[in-house]
Amino acid sequence: MIFKVIFIAIFMMAFVYASIRPFSSLISKIFVLIGSMFGILSLVGEKYAQIFANLLGIGRAADLFLYLGLITIFLFISYTVNRLDATNKRISKLTKEIALHNAEKNHKNDDN
């Protein structure tokens, strides 16, 4: 029972945090809000989770959470790969700019 209360408190804090904090993307904010609501739903009452799963056409609430977990993992991996790709592109651009700046500087020093 104590773990249920602790996890409900964690999900409530995540919900409040997502409500207050300005996110860089709306999708991230919605993702945290919906995820924390599903977390609270799964802990408050299994019958509500089962009703929600039935509305979506899924047989069991446990399967619903399994599917949501797999989607979450996929989205997190995709987001991380995209962020790393964007960071690599910025690093490449900066490297090229620094190389051009150093080449210009060396060319000016050679002329003197």
Side-chain angles (χ1 to χ4, degrees):
M1 180 66 181
I2 188 73
F3 288 111
K4 191 174 187 178
V5 173
I6 291 170
F7 282 114
I8 289 174
I10 290 171
F11 284 124
M12 289 295 288
M13 287 187 297
F15 185 81
V16 170
Y17 176 75
S19 299
I20 295 171
R21 181 183 180 269
F23 282 81
S24 60
S25 74
L26 182 63
I27 293 174
S28 298
K29 185 172 193 157
I30 291 172
F31 189 73
V32 174
L33 287 172
I34 292 174
S36 58
M37 288 190 313
F38 277 134
I40 293 169
L41 176 68
S42 70
L43 292 168
V44 169
E46 293 80 19
K47 64 181 178 180
Y48 300 119
Q50 184 61 44
I51 291 169
F52 190 71
N54 289 338
L55 288 174
L56 293 175
I58 299 172
R60 298 182 314 153
D63 293 338
L64 171 68
F65 293 121
L66 176 67
Y67 300 150
L68 290 174
L70 291 172
I71 290 170
T72 302
I73 290 169
F74 174 74
L75 290 175
F76 178 74
I77 290 170
S78 298
Y79 176 76
T80 304
V81 167
N82 286 337
R83 287 287 297 247
L84 287 173
D85 188 45
T87 302
N88 283 338
K89 287 179 182 176
R90 285 189 301 218
I91 289 172
S92 295
K93 184 179 178 183
L94 284 172
T95 304
K96 290 174 187 175
E97 288 179 10
I98 290 170
L100 289 173
H101 178 71
N102 287 341
E104 243 178 52
K105 193 175 179 182
N106 289 339
H107 182 67
K108 285 181 185 178
N109 287 340
D110 289 341
D111 288 342
N112 291 333

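Counting only residues at least two apart or in different chains, side-chain hydrogen bond (donor to acceptor under 3.5 Å, both in side chains) contacts with residues 6-17 comprise Y17-R21.
With values rounded to the nearest 0.5 angstrom, K4 atom NZ is found 9.5 Å from S42 atom OG. To the nearest 0.5 angstrom, Q50 atom CD is 10.0 Å from L55 atom CG. Summarising the geometry, atom NZ belonging to K93 is positioned 12.5 Å from atom CD1 belonging to I98; distances are rounded to the nearest 0.5 Å.
Tracing side-chain contacts under 4.5 Å through hydrophobic residues (I, L, V, M, F, W, Y), one never reaches L26 starting from F31; they form parts of separate clusters. L41 and I51 fall into different hydrophobic clusters, where Ile, Leu, Val, Met, Phe, Trp and Tyr side chains are chained together by heavy-atom contacts under 4.5 Å.
Here V16 is tied into one hydrophobic group with I20, each link being a pair of ILVMFWY side chains closer than 4.5 Å. Taking Ile, Leu, Val, Met, Phe, Trp and Tyr as hydrophobic and joining them when side-chain heavy atoms fall under 4.5 Å apart, one finds I91 isolated, its cluster having no other members. Taking Ile, Leu, Val, Met, Phe, Trp and Tyr as hydrophobic and joining them when side-chain heavy atoms fall under 4.5 Å apart, one finds I2 in a cluster with F3, I6, F7, I8, I10, F11, M12, M13, I40, L43, V44.
D85 places no side-chain N or O within 3.5 Å of a backbone atom of V81 that could act as its donor or acceptor partner.
Residues satisfying the side chain to side chain contact (heavy atoms under 4.5 Å, CB included) test with A18, not counting sequence neighbours, are F23, V32, L33.
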Check against side chain to side chain contact (heavy atoms under 4.5 Å, CB included), E97 and L100: CA-CA 5 Å; E97 288 179 10; L100 289 173; 5.8 Å; no

Please tabulate, one pair per line, all N/O donor-acceptor pairs under 3.5 Å involving side-chain atoms of residues 57-79, not counting sequence neighbours.
residue: R60; atom: NE; partner: D63; partner atom: OD2; Å: 3.4
residue: R60; atom: NH2; partner: D63; partner atom: OD1; Å: 3.0
residue: T72; atom: OG1; partner: L68; partner atom: O; Å: 2.7
residue: S78; atom: OG; partner: F74; partner atom: O; Å: 3.0
residue: Y79; atom: OH; partner: R83; partner atom: NH1; Å: 2.8

